[in-house]
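First up is the structure itself, then whatever we jot down about it.
Order of the sequence lines fixes the chain letters, A, B, ..., with proteins taken first and strands second; residue numbering starts at 1 for each chain. Just so it is clear, the model here is predicted, and its values are computed rather than measured.
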Amino acid sequence: MTTPNTPAPRLRFAPSPTGYLHVGGARTALFNWLWARKTGGTFLLRIEDTDKARSTDESTRAIFEGLTWLGLDWDEEVVFQGANLERHRRDADRLLASGYAYRDFTTAEELDRLRKDAEARGETFTFDRRLAELHPDELERRLERGDPYTIRFRVPEGTTEWHDLVHGRIAFPNKDIDDFIVLRSDRTPIYNHAVVSDDIAMGITLVMRGDDHISNTPKQILLYEALGEPIPDFAHIPMIHGMDGKKLSKRRGAVAVGDYQHMGILPSAMRNFLALLGWSPGDDVEVMSQAEMITRFSGEGLLKKAAVFDLKKLEWMNGQHMMLTPIAELEAYLRPFVLQAGLATEAQLTERHSWWLQLLELLRVRARTVTDLVRQAQPYFADALTYDEAAVAKHWKDAPATAGHLDSVATTLETTEWDATAMETALRTLAEARGIGTGKLFQPLRVALTGMAESPGIFDVLVLLGRDTSLGRIRAAVNRLGGVP
RNA sequence: GGCGGUAUCGUCUAGGGGACUAGGACACAGCCCUCUCAAGGCUGGAACACGGGUUCGAAUCCCGUUACCGCUACCA
């Protein structure tokens with residue numbers, strides 16, 4: 001947990017395009033981005049598409065879209081790992097030439113058999129370097145014959161250690177590291193080799209990634225040393241778990257950032273929430289804007305413990321951001337959702353812009369998600385009301401009496417100025433005159449106006465709906481209730 | 001199995017030897033506000049995994065145990 005060793009570090013996020021952008025990956029990207037933006041460093045994106053069988057263009061697109069949605073912009077061109085195959089091979093051959101690696105003609109089948117045998121004996125299989133040792137004549141013969149071989153790294157004696165920026169010193173005795181394969185027999189690189197080769201080529205000075213890579217790190221450091229390259233800083237951040245404490249999975253809720261987008265979570269809230277999973281600003285501040293986050297971010301606040309993803313808290317956070325986001329910005333984000341729900345057309349929203357903003361102001365404090373807000377906005381756009389059964393059952397219980405109350409409300413309102421204060425005075429007077437509590441008048445009215453039991457203040461609703469619609473709805477309610485007795 | 005990492009309320013976390021009868025937030029319960037729902041305010045229950053040390057003194061340092069996670073592939 002110290003400061004990086006260069007004033008302007010180069011960092012990267014390196015996902016493999018084998019699915020959607022996972023929230024864990026998104027959080028890794030966020031921390032890399034935050035660090036780069038905080039320090040004036042560079043944030044790069046590398047798509048690790050070497051696993052052709054599992055990589056898809058669609059996944060690559062999903063990663064771009066997810067990052068863009070979150071507002072995580074990357075610098076320079078995107079690097080596609082698959083395009084660097086030649087360099088991966090060259091680096092492996094360099095290792096071979098310098099003696100840091102050797103050819104191994106053992107076939108996958110043989111290896112498999114050896115492993116099974118060891119297992120049967122109750123032993124742990126470790127690759128014995130002598131297996132690959134060949135007489136020079138034999139080696140030449142095999143080479144001439146074109147026998148396939150892998151290139152294995154010759155792990156030296158000693159200990160490999162580094163000062164992890166979040167964990168402090170971590171050390172691995174080299175004897176626990178097998179001579180690992182660097183280049184497969186088809187001359188494609190193995191993960192650790194491709195990563196190191198690319199990170200070197202990209203000039204990465206700080207590798208920040210999930211702590212599931214801790215045990216890969218010594219192998220990578222060995223590779224840097226063998227290649228004669230400077231070793232970058234490493235920062236291993238904790239994983240994100242599901243509510244059951246296990247790894248986040250599709251089975252137990254949404255894992256793709258796109259899922260949260262569709263749920264109506266704001267990017268700023270998602271970013272804020274994710275940042276607080278594995279990082280703490282050090283004080284009690286929770287809700288932060290993007291600028292505040294960058295200001296407050298520091299490697300010191302990076303935590304070691306895996307965090308559990310709590311949807312309830314995300315929703316609360318989203319509610320906070322719904323309230324705090326500048327109204328114009330919120331409106332712009334909301335617009336597509338409103339259009340998609342069929343509440344209004346683009347033209348209508350533009351035409352009634354200030355009315356729409358007023359509605360938004362009233363709904364934003366009572367909605368936790370964008371989709372929730374759209375649902376609540378429905379009665380203000382729809383021509384025909386749909387009545388919520390529970391609301392009707394609760395507030396329109398006594399039909400004749402309710403019809404009477406609502407009829408008197410309509411009559412009163414017809415001669416009242418269409419102004420919130422004026423209407424409030426009039427209706428409160430009316431309730432008193434009829435000898436009932438205001439709730440007995442306002443609640444049935446709310447159902448008549450919105451079809452729902454919850455809404456903004458009833459006088460705001462009247463103003464928002466306007467005179468004609470309001471009176472029309474009240475009359476319709478009276479009819480629906482069987483008319484005035 | 002071996003190696004590595006982690007361990008404070010249900011959850012996110014503050015805490016880095018005495019300020020801790022352990023603070024904040026989400027969630028939960030109650031109250032206030034109130035035309036409803038939110039928002040907001042107040043109150044409450046709720047945690048230092050266990051065992052040894054070190055020390056005058058440990059949530060904080062060390063060791064062990066346990067639990068969880070990761071790596072241990074010609075996966076990434």
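- Pairing for C9(B) is absent, judged as Watson-Crick or G-U wobble with the two contacts each under 3.5 Å.
- Per the geometry, CD1 belonging to I170(A) stands 11 Å off P belonging to G4(B), to the nearest Å.
- Neither OP1 nor OP2 of G1(B) sits under 4.0 Å from any side-chain N or O of R115(A).
- Nucleotides C9(B) and C28(B) place their C1' atoms 12 Å apart, quoted to the nearest Å.
- Applying the side chain to side chain contact (heavy atoms under 4.5 Å, CB included) rule to T124(A) yields no partners; only residues at least two apart in sequence or on another chain are considered.
- One atom, CZ of R296(A), and another, C1' of U13(B), lie 14 Å apart when rounded to the nearest Å.
- Contacts of D460(A) classified as salt bridge (Lys or Arg N to Asp or Glu O under 4.0 Å), with partners at least two apart in sequence or in another chain: none.
- In this structure, C35(B) makes no Watson-Crick or G-U wobble pair, since no nucleotide meets both defining distances under 3.5 angstrom.
- In this structure, G64(B) forms a base pair with C50(B), meeting either the Watson-Crick or the G-U wobble geometry with both donor-acceptor distances under 3.5 Å.
- Taking the salt bridge (Lys or Arg N to Asp or Glu O under 4.0 Å) definition, one finds that R12(A) meets it with D199(A), sequence neighbours left out.
- Under 4.0 Å is where a charged nitrogen must lie from a carboxylate oxygen, and between R90(A) and E86(A) no such pair does.
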What one-letter contact string describes nucleotides 35-50 of chain B from 5' to 3', where B marks a base within less than 4.0 Å of any protein heavy atom, S marks contact via sugar-phosphate atoms alone, and - marks no contact? BBBBSS----------

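- Rounded to a whole Å, the CG atom of L302(A) is 19 Å from the P atom of G16(B).
- Using a 4.0 Å heavy-atom distance criterion, A171(A) is classed as a sugar-phosphate-only contact.
- Across the C1' atoms, C33(B) and G40(B) are found 9 Å apart, a figure rounded to whole Å.
- For the pair A307(A) and A108(A), nearest-nucleotide mapping onto RNA chain B gives the more 5' position to A307(A).
- If you check G44(B) for Watson-Crick or wobble pairing at under 3.5 angstrom, you find it paired to C28(B).
- Under the 30°/60° scheme for interplanar angles, the aromatic rings of Y102(A) and F127(A) are found to lie parallel.
- At A76(B), none of the side-chain N or O atoms of R54(A) fall inside 4.0 Å of OP1 or OP2 (strictly under the cut-off).
- For R154(A) and Y100(A), the positive end is not near the middle of the six-membered ring at less than 6.0 Å and at most 45° from its axis.
- Using a 4.0 Å heavy-atom criterion, one finds that T126(A) contacts no nucleic acid atom at all.
- Across all strands, T18(A) comes closer than 4.0 Å to no nucleic acid atom at all (heavy-atom distances).
- Judged as a side chain to side chain donor-acceptor pair (under 3.5 Å), and not counting sequence neighbours, the contacts of S289(A) are E292(A).
- In terms of the side chain to side chain donor-acceptor pair (under 3.5 Å) criterion, E389(A) has no residue partners (sequence neighbours excluded).
- Between the CE atom of M239(A) and the P atom of G70(B) there is a distance of 9 Å, rounded to whole Å.
- The separation between Q220(A) atom CD and A76(B) atom P is 12 Å, rounded to whole Å.
- Rounded to an integer number of Å, the gap from CG of L441(A) to C1' of U34(B) is 16 Å.
- RNA chain B is contacted by both F309(A) and T50(A); F309(A) maps to the nucleotide lying nearer its 5′ end (nearest heavy atom per residue).
- Between F459(A) and F442(A), the two ring planes are perpendicular [angle over 60°; tilted spans 30° to 60°].
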For nucleotides 6-10 of chain B, print each protein N/O atom paired with a nucleotide N/O atom at under 3.5 Å, atom names and distance only.
unit_1, atom_1, unit_2, atom_2, d
U6(B), OP1, H167(A), ND1, 3.0
U8(B), OP2, K305(A), NZ, 2.8

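- The distance from atom OH of Y191(A) to atom C1' of U72(B) is 15 Å, rounded to the nearest whole Å.
- Across all strands shown, C71(B) is found opposite G2(B) as a Watson-Crick or G-U wobble partner, with both distances under 3.5 Å.
- With sequence neighbours excluded, no residue forms a salt bridge (Lys or Arg N to Asp or Glu O under 4.0 Å) with R434(A).
- If you take atom P in U36(B) and the same atom in U8(B), they sit 42 Å apart, rounded to whole Å.
- Shown here are the salt bridge (Lys or Arg N to Asp or Glu O under 4.0 Å) partners of E58(A), two or more places apart in sequence or in another chain: there are none.
- Rounded to the nearest Å, the gap between the P atom of G64(B) and that of G2(B) is 14 Å.
- Between G30(B) and G51(B), the distance separating the two P atoms is 37 Å to the nearest Å.
- Across A76(B), G1(B), G4(B), the shortest atom-to-atom separation from the side chain of E48(A) is found for A76(B).
- The partner of C20(B), taking Watson-Crick or G-U wobble pairs whose two distances both stay under 3.5 Å, does not exist in any strand shown.
- Residues of residues 173-182 of chain A having a heavy atom closer than 4.0 Å to RNA chain B, listed by number: D176(A), I181(A).
- Aromatic ring orientation, F180(A) versus F153(A): parallel (interplanar angle below 30°, classes split at 30° and 60°).
- Partners of Q290(A) under the side chain to side chain contact (heavy atoms under 4.5 Å, CB included) rule, at least two apart in sequence or in another chain, are W33(A), R271(A), I294(A).
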Go through the steps for T217(A) and I170(A) under the test side chain to side chain contact (heavy atoms under 4.5 Å, CB included), then give the verdict. CA-CA 10 Å; T217(A) 306; I170(A) 299 180; over 6 Å; no

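- Residue contacts for S185(A): at a heavy-atom cut-off of 4.0 Å it reaches a base atom on one of the strands shown.
- A donor and an acceptor atom, one from each side chain of D198(A) and Q81(A), are located under 3.5 Å apart.
- A heavy atom lying under 4.0 Å from RNA chain B marks the following residues of residues 274-289 of chain A, by number: L276(A), L277(A), G278(A), S280(A), G282(A), D284(A), E286(A).
- Side-chain polar atoms of T188(A) and H88(A) form no donor-acceptor pair below 3.5 angstrom.
- If you measure from atom CZ of F172(A) to atom C1' of C71(B), you get 8 Å, rounded to the nearest angstrom.
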